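What follows is a set of notes on a single structure, which appears directly below.
When reading the values below, keep in mind they use all heavy atoms of this one structure, side chains included, and skip hydrogens, waters and symmetry mates. Every chain is numbered from 1 and lettered A, B, ... according to where its sequence line falls, protein lines coming before strand lines. These numbers come from a predicted model, not from an experiment.
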There are 2 protein chains.
Amino acid sequence: MSHKRKQELDSSAAAPSRRHAMITQRDIAERCGIHQTTVSLALRRDPRISPETTDEILAVAAEMGYDPSVHTPARRLAMHRHGQAVLNHVIAVSMDPTYLHMHYYAAIFQSVVEVLMTKGYAVVLSHLPKTAATPAEVALPTIFHRGDVDGLLYTIDENRFRPVYAHLRETPGFGQRPMISLMWPSDLNSSVMADDRQGAYQAAKHLLDLGHRHLLQFTLRQVKQDQRIQQWRWDGIRQALREARLDPEAHLHFFDVAQEWLDPLWNPLGTPPVAPHPPREAANHPLMRFLRAHPEITAILALNDSSAIQAWYLLNLAGLRVPDDYSIVGFDDVDPMFDDYGHNQLTSVHLPLMRIGRKAAALIIEQVSGGAAERVQLCLPTELIPRASTGPARA
Amino acid sequence: MSHKRKQELDSSAAAPSRRHAMITQRDIAERCGIHQTTVSLALRRDPRISPETTDEILAVAAEMGYDPSVHTPARRLAMHRHGQAVLNHVIAVSMDPTYLHMHYYAAIFQSVVEVLMTKGYAVVLSHLPKTAATPAEVALPTIFHRGDVDGLLYTIDENRFRPVYAHLRETPGFGQRPMISLMWPSDLNSSVMADDRQGAYQAAKHLLDLGHRHLLQFTLRQVKQDQRIQQWRWDGIRQALREARLDPEAHLHFFDVAQEWLDPLWNPLGTPPVAPHPPREAANHPLMRFLRAHPEITAILALNDSSAIQAWYLLNLAGLRVPDDYSIVGFDDVDPMFDDYGHNQLTSVHLPLMRIGRKAAALIIEQVSGGAAERVQLCLPTELIPRASTGPARA
DNA sequence: TTGTAAGCGTTATCAA
DNA sequence: TTGATAACGCTTACAA
């Protein structure tokens, strides 16, 4: 029997996936003169097998080079009957690969991957379809259908994720497995994110302490996107204003920026994503008009670092100086604005992206390996990093 | 029979991996009043089954919602006997996750992922151990042992990859599956990379055309690393010099930089990776000493963009100007040096990283799906992008 | 404490 | 053209 199998294998040496010498539990059993079932139990340290037998079997298995992971298909097939699933040690991360050019996403992805890999999990990057099509026709990667994925981390706002969620839940290969939302609040799953309210509070307080009295908050009014985070930031700013005895209604101003301002200033895809403003048109830019119409404003709270730097460039082109004429605070602290000597000048709200990623990875491992699947919403603290883009308010 | 199975399933509704209603070939056969074997053949469009029967079976299968990918373990187990392997549609990309902060690696990874995902392949990011330990004790992620990975793309130089290669080849779950080297030449596998020789030639020619006569090439003499690429760059520079009727021995100078200069200037891990030089010490930096000792040098060929920008900052600190005093050419064209208005100033050799990634992805798909596994070495052309960091040589 | 038997869902061989 | 049968290697229930 055993000989027959070996011959088959040798004869298929040229096959594309030549299996080396695949040791089975039966091979071990034959060597030990016992039954294969006993080997199966012993390998899983079943207490019903005597310690001596177990030890011997383990020794022989090691000596023969038995590798249980090679036989996962057989194990999966057998377990299937009892409704059990085998842990694949595979976690999917849903993230648009083009986002990896942004330090923001790279930091999250990197920290997630580091934790998962050191814990023995493989990470598959899979960009789930974000189109709000009917749940029925969302094309999921086959790896999800096959049941090869134990859990999912995603960085998509809830509004756009909902159809994907519905589809995942009714996909046999995924079913009720855990998912965790990263950087976005979620009513469906646990989430790990930054405390945006605190971050905005810190930024506003920093400016108020410097004597600024009228703050301009950038906004992005995209209907489709979850607006909760922006609301939280406004709450933070308003609190800071109230603590400074200022009426939020009068002292907090808003300006809606184009999506392009949030995009990275540079990527190596060939074409620069955002063309710098032509100098002649700088003065006519909507933002410059708005600032001229509201001369009481002396400080800008950007949505992220890119939009802060874009604003800075625009001010430079219009002949204004930062921080002398306007102070600017970035958000995320992922993109720098260097001076001629390599010092980052951008004051920004630092998010603990690496800690968030690590926390989310630890959490999904816990949930995947059967830990309490309680739904949690984690908000990690932010920190304002003062640099050269903020200074005392102009007179 | 079928009823019994369904009941079992319903009773296990609370199990962690509740399988929905899993349709099997037998279910289809019962509905059609034929044998399961026929269904198996029909589903694979076997010509032995009559077209009518096949059509009916396919129709019923679709109606019942039969999903073949759910039963991959069974298929794998069955195929295993005949030495055949089932395609997983999974490609591993071996890349240190911390490298994702570099636009260089992010561009490669992104383009690879884009092609693979649109072709229906899942991408697992797996950082293979680069330590030159004994091949026997390289800890491979279990996903490799299980045979879940169809092929591998890696961005590690050959010297460091060799032990991993040996181990992969003798791992039953991976065996002789295809691998492709990205950005590094390889004697073991196919490779896709940039034409470094051409890039260096273009950079040198650009400088010579501007009147520069003595060029300084940065070097990185790390013993462990494959030095072929640096040699090729020197070849390119020497050719440009010879075409300009200049003796390479006399007109090409070398300066060995620290590894830190190649690292990214900024990452969002919390601590900046490279502290800017203290102004006082700038003049005493080894590079400044070297330049003072060789006043005939007027231009610098950096190893990548970071090292170019580092040199630029250092020159600024020492009171020198780019490009008035020194011209600098970067390499890779992945990191920008912005002026106050958001224009990139760094002249650099642009590598077609996205094209390289896409090409490699297409190649691994071809090899994985049984295409001719000929070993190929692809070099894609580079392009010099002139910007503000290069200008006429000083008198 | 160990052995026996059945079955997971598929594929390949061979008979009808 | 279709059907019957035997694996693939494992796990679990049950018998010894």
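Relative to the side chain of A:T53, the nucleotides C:dT2, D:dC8, C:dC8 differ in distance, and C:dT2 lies closest. For B:M79, the side-chain atoms get nearest to C:dA12 when compared with the rest of C:dC8, C:dT10, C:dA12. Taking every side-chain heavy atom of A:S40 into account, D:dT11 is the closest of C:dT11, D:dT11, C:dT1. Between D:dA4, D:dC8, C:dT10, one nucleotide has an atom nearer to the side chain of A:R26 than all others, and that is D:dC8. Considering only the side chain of B:I49, D:dT2 comes nearest among D:dT2, C:dG9, D:dC10.
By the side-chain contact (heavy atoms from CB on, under 4.5 Å) test, A:D46 is found to be paired with A:L41, A:R48, residues two or more places apart in sequence or in another chain being considered.
Ring planes of B:H145 and B:H167: perpendicular class, angle over 60° (limits at 30 and 60°).
Side-chain contact annotation: B:N88 with A:R146, donor-acceptor N/O pair under 3.5 Å absent. Between the side chains of A:N189 and A:Y154, at least one donor N or O lies within less than 3.5 Å of an accepting N or O.
For A:T37 against C:dT4, a side-chain-to-base donor-acceptor contact under 3.5 Å is present. With hydrogens and angles ignored, no donor-acceptor pair under 3.5 angstrom links the side chain of A:T38 to the base of C:dT1. At a cut-off of 3.5 angstrom, the base of C:dG7 holds at least one donor-acceptor pair with the side chain of A:R81.
Distances shown here put every side-chain N or O of A:R76 at or beyond 4.0 Å from the OP1 or OP2 atom of D:dC10. Applying the 4.0 Å criterion to OP1 and OP2 of C:dT10, one finds that B:Y66 has a side-chain N or O inside that range. Side-chain nitrogen and oxygen atoms of A:H82 include none within less than 4.0 Å of the OP1 or OP2 phosphate oxygen of C:dC8. Within the 4.0 Å cut-off from OP1 or OP2 of D:dT11, at least one side-chain nitrogen or oxygen of A:Q25 is found.
Between the CD atom of B:Q84 and the P atom of C:dA12 there is a distance of 7 Å, given to the nearest Å. At whole-Å resolution of the value, CG in A:D46 and C1' in D:dT12 are 11 Å apart. Spacing between atom CG of B:D27 and atom P of C:dG9 amounts to 8 Å, rounded to whole angstrom units. Rounded to whole angstrom, the span from the CD atom of B:E52 across to the P atom of D:dT1 amounts to 9 Å. Distance, B:Q36 CD to C:dT10 P: 7 Å, rounded to whole Å. For B:L77 and C:dT11, the CG to C1' distance is 10 Å, given to the nearest whole Å. Put simply, CZ on A:R146 is 16 Å from C1' on C:dG9, counting in whole angstrom units. Summarising the geometry, the separation between NE2 on B:H80 and C1' on C:dG9 is reported as 16 Å, rounded to the nearest angstrom.
Among B:I91, B:I364, B:T155, B:L182, the one residue that satisfies the side chain to side chain contact (heavy atoms under 4.5 Å, CB included) test with B:V112 is B:L182.
Nucleic acid contact for A:H71: sugar-phosphate only, since backbone atoms but no base atoms lie under 4.0 Å from a heavy atom of the residue. Note on A:S50: only backbone sugar-phosphate atoms sit closer than 4.0 angstrom, heavy atoms only; bases stay farther off. Backbone-only contact: B:R75 has heavy atoms under 4.0 Å from sugar-phosphate atoms and none from a base.
DNA chain D is contacted by both A:L41 and B:R48; B:R48 maps to the nucleotide lying nearer its 5′ end (nearest heavy atom per residue).
Rounding to the nearest 0.5 angstrom, the gap separating the OG atom in A:S126 from the CE atom in A:M95 is 10.5 Å.
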